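Quantities reported herein were computed from a predicted structural model and do not represent experimental measurements.
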Amino acid sequence: MSIPFDAKTWLGHITADMREVYSRTRRVMSFAEYLTLFERNMHHQVRSAAQYLRDVFDYYGTTPIHGTRGALTHWRLFDCPWDGGRDSLKGQEEVQASVYRLLANFARQGRTNRLILLHGPNGSAKSTFVACLQRALENYSTLEDGALYRFNWIFPSQHGGKGGIGFGSSDPESPANQETYAYLEDDRVESKIVDELRDHPILLVPRSQRRAWIESTLKDEMAGGFRPARGLLEGDLSHRNRQIFEALLVSYQGDLARVLRHVQVERFFISRRYRQALATVEPQLAVDARVRQLTMDRSLASLPPALQSLTLFEFSGELVDGNRGLLDYDDLLKRPLDAFKYLLGVVEDGMTSLEVASLAVDTVFLATSNENTLGAFKEIPEFQSFKGRMELVRAPYQIDRRLEQQIYDAHMGEVTGARAERHVAPHVTWVAALWAVLTRMRKPNPEKYPEPLVGLVGRLTPLDKALLYAGEVPAGFSPEDQEELRAGVEAIARESDSYPHYEGRFGASPREMTLLLMNAAQSAKWKCVSPFAVLEELEELIRAVSVYEFLRQEPMPGGFHDHQKFIAEVHERLIDRIDDEVRTSMGLVEERRYLEQFERYVTQASYWVKREKYHNPVTGQDEDADEELMAEVERTLHVEASRARAGAFRREIIAKIGAWSVDHPDQKPDYEQIFPRPLAELREAFFTDRKKVVSKINEDILVYLVDGPGRMLPDAAQAARRTLDTLTSRFGYCEHCAKDAVLALVRRRYQ
């Protein structure tokens, strides 16, 4: 029996939790209390916006990775760990590193003096990069390390008459006799002025004393390279706050302590939704900062007489909203030039002039642009002026199929949409990712490489490059050539970095491919979300030459930019995968047998290389290495029969194991990781010898799925059922997509 819901108790728990959080996060305090907090945690409290954002990078930590382009660092904030990895960024480690390096440079100067412009083709994850940064800032600002503070002006009610500023009463309960007005209840507050610019509370301390205090306290850290925000060392209060401060100081005849009674220090949290230290500027014509007179508002008629004679203004706009945080300009260069010329000044010195005052901001400026718009911008005369105030960071498409597939895997929930109940067959995102990456491959220039790569890169096809970038070994190359290509993969991937038309600038966009996957998921022809439906959608896509720029590229020798051929190649590779999975599922031989055969070969090759005898447990004699066993394996692996070539191959095998063991001490060699190609060839040789058996079981599977086991011999039905069970449990098929896969396999391979 369920317990009746008690709304009062439930609400009581929420109230208690909220009160505990409020107390723990110290949302409101007096200025004197803030000074205590400031002194205790000065390093965190004097950070510039750039230092704050760099600390966000550092807070979530890093992971070293080794990818196509060499050793890189992955910043874990882009995994969005605070949100279960939702909408995380896949790849783009070099963009992460470039932005981090720029932030570190800004932090060492104590302020931001450049606009970071992310540029790349449409759909290259620029917006995802920015969104991850924004969400990380939001989360970090809720943590103790990320606490940020601003202040409000509080003017209490007076018993002796409306409009006083808090003195002249003998009542001990009067606000005039309290040390601070920060904690006054609302009914005792006449007016409250909130600072929309979020001025730092420490700016209320006179500049000379403030600077001396910070520099003396942080002397050791500053000697080590840390720089407080320049605005806190050299800056001042914003225009309105300075007016109020001076008016109160005059009214209190220079008594600073009485002025500071009116200060309520408040913690604020970075927020995209509420535009707190975080704002996005769309490609619009409006100026990004505005001003309006505050004292014209009737609701502020309750200000004390000392302030009513002032003309107070409030500021608004994206520059104001982004102060002390991050300001993102979405598609900056699509705006009319006059709409962002003010950035020349505000980025360089952190100031912009409005009608009544100069606006000082401490903000990280981040913008995005596509390559075509940037190319046009470079042609205008004003570009050189902007170039001196911009840092360009390239964000290309992925060229590693594995990362591209992760993008589509993360979107599969959106892809299936209302038909999420449909089973997703294996290889759906793999097909889309491989084809997309093939469209981005650039024909290499052999003249850019030293020997022996110069003779190899000219032979690389788009598929070879895509496989190489994904850590796979392209076929058609000798073992020595494959090793050279693996060793040179970073140079190959970086060849076009200095070219205007770099690899990853052109090709199918992930946005377009996600839409294609959505269309494939709605196909009525297939009962599952099928890789064959993806291939059909690709055929439709390549007909839209007028829609997609990359389809208008002329095919080049070697198959580059031949998008029709790419579909055929992906289809053939898909059949390879299905063939391998079905044959493995048949259980004709335990997979361990391939590995055992190769392990025996390695043992014999090791004795042969060391010219040692081995103890034969069958004969009980010490004998020479088994030449017959080694020759049999070498024939399967297509090693030339000459003694010199066989010897070189054996020495190479042993050398690879030795190199792996150096990097993995105290571990048994993982032959499947070290020698994926030889083991695959051993498996292929086995099934080639049993092709008729494999073909018969494939046909039996189709009969089983179409007509049922009652139309089959018991042994055939049992073998078909066993194969289907393995396809389901191990490889993720259901009976519908297994039927589609086996039918395609039989038609292309076994008829």
Side-chain angles (χ1 to χ4, degrees), residues 68-69 90-92 119-126 370-372 394-409 411 415 427-445 457 460-470 472 474 489 492-497 499-520 531-574:
T68 300
R69 296 172 65 85
K90 313 301 180 189
Q92 299 294 15
H119 63 97
N122 290 326
S124 62
K126 301 182 293 296
N370 66 52
E371 289 290 5
N372 292 338
R394 179 186 291 169
Y397 287 141
Q398 300 290 353
I399 57 173
D400 185 333
R401 188 267 310 156
R402 295 168 295 185
L403 293 173
E404 187 74 8
Q405 187 174 349
Q406 288 178 24
I407 297 173
Y408 305 146
D409 287 340
H411 285 87
V415 166
H427 314 308
V428 168
T429 56
W430 176 87
V431 166
L434 179 57
W435 188 85
V437 167
L438 287 173
T439 68
R440 303 167 189 168
M441 294 294 99
R442 191 181 190 281
K443 185 174 176 60
N445 182 0
V457 294
L460 289 173
T461 66
L463 183 59
D464 290 335
K465 289 189 76 176
L467 294 175
L468 191 62
Y469 291 165
E472 301 177 47
V489 65
I492 297 170
R494 293 184 178 277
E495 179 205 317
S496 62
D497 281 1
Y499 302 167
H501 294 174
Y502 53 86
E503 192 164 62
R505 173 171 178 176
F506 297 102
S509 163
R511 291 177 185 166
E512 296 156 1
M513 296 304 296
T514 301
L515 178 60
L516 182 144
L517 287 169
M518 289 181 177
N519 292 335
F532 301 106
V534 176
L535 291 169
E536 290 173 350
E537 290 296 330
L538 289 174
E539 293 284 359
E540 289 294 322
L541 183 145
I542 64 172
R543 296 189 183 99
V545 177
S546 62
V547 178
Y548 302 109
E549 182 183 8
F550 75 94
L551 293 177
R552 296 194 289 272
Q553 293 176 294
E554 288 294 325
M556 298 181 66
F560 291 87
H561 312 319
D562 191 341
H563 305 103
Q564 180 70 64
K565 182 180 178 182
F566 294 157
I567 297 176
E569 289 181 326
V570 172
H571 195 166
E572 193 64 22
R573 295 286 297 186
L574 173 62

What's the shortest heavy-atom distance between [X] and [Y], and which atoms?
{"X": "Thr439", "Y": "Gly507", "value": "OG1-CA, 3.5 Å"}
{"X": "Pro510", "Y": "Tyr397", "value": "CD-CE2, 3.6 Å"}
{"X": "Ala470", "Y": "Asp400", "value": "CA-OD1, 3.7 Å"}
{"X": "Ala493", "Y": "Thr68", "value": "CB-CG2, 3.6 Å"}
{"X": "Ala432", "Y": "Leu517", "value": "CB-CD2, 3.9 Å"}
{"X": "Leu516", "Y": "Leu538", "value": "CD1-CD2, 3.6 Å"}

inquiry  = Test side-chain contact (heavy atoms from CB on, under 4.5 Å) on Glu549 and Asn372; report intermediate values, then the result.
reply    = CA-CA 11 Å; Glu549 182 183 8; Asn372 292 338; 3.6 Å; yes
ask   = If you measure only the distance, is there a donor-acceptor pair under 3.5 Å linking the side chains of Arg401 and Gln405?
value = yes
task = Answer with yes or no whether the side chains of Ser509 and Asn122 bring together a donor and an acceptor at under 3.5 Å.
result =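 Ser509 and Asn122 do not have a side-chain donor-acceptor pair below 3.5 Å.
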What distance separates [X] [atom1] from [Y] [atom2], expressed to the nearest 0.5 Å?
{"X": "Arg402", "Y": "Ile407", "atom1": "CZ", "atom2": "CD1", "value": "13.5 Å"}
{"X": "Leu467", "Y": "Thr461", "atom1": "CG", "atom2": "OG1", "value": "7.5 Å"}
{"X": "Glu539", "Y": "Ile567", "atom1": "CD", "atom2": "CD1", "value": "4.0 Å"}
{"X": "Glu503", "Y": "Ile399", "atom1": "CD", "atom2": "CD1", "value": "5.0 Å"}
{"X": "Trp435", "Y": "Glu569", "atom1": "CH2", "atom2": "CD", "value": "12.5 Å"}
{"X": "Glu512", "Y": "Leu515", "atom1": "CD", "atom2": "CG", "value": "8.5 Å"}

Does any N or O in the side chain of [X] come within less than 3.5 Å of the main-chain N or O of [Y], such that one atom is a donor and the other an acceptor?
{"X": "His563", "Y": "His561", "value": "yes"}
{"X": "Lys126", "Y": "Pro121", "value": "yes"}
{"X": "Arg394", "Y": "Arg505", "value": "no"}
{"X": "Arg552", "Y": "Val545", "value": "yes"}
{"X": "Gln92", "Y": "Ser124", "value": "yes"}
{"X": "Gln398", "Y": "Lys90", "value": "yes"}
{"X": "Arg440", "Y": "Ala508", "value": "yes"}

Side chains of [X] and [Y]: does their closest heavy-atom pair fall under 4.5 Å?
{"X": "Glu540", "Y": "Asn519", "result": "no"}
{"X": "Phe560", "Y": "Lys465", "result": "yes"}
{"X": "Gln406", "Y": "Leu403", "result": "yes"}
{"X": "Ile542", "Y": "Tyr548", "result": "no"}

query = Taking NZ, NE, NH1 and NH2 as the nitrogens, is one of them in Asp497 or Arg69 under 4.0 Å from a carboxylate oxygen of the other?
reply =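 A salt bridge is present here (some side-chain N lies under 4.0 Å from a carboxylate O).
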ask   = Which one of Arg442, Glu371, Glu495 satisfies the side-chain hydrogen bond (donor to acceptor under 3.5 Å, both in side chains) criterion with Tyr502?
value = Glu371
request  = Before giving the answer on side-chain contact (heavy atoms from CB on, under 4.5 Å), spell out for Leu535 and Leu574 the whole-Å C-alpha distance, their side-chain angles and the decisive distance to 0.1 Å.
outcome  = CA-CA 10 Å; Leu535 291 169; Leu574 173 62; 4.0 Å; yes
ask   = How about His411 and Tyr408: are their ring centres within less than 6.0 Å of each other?
value = no
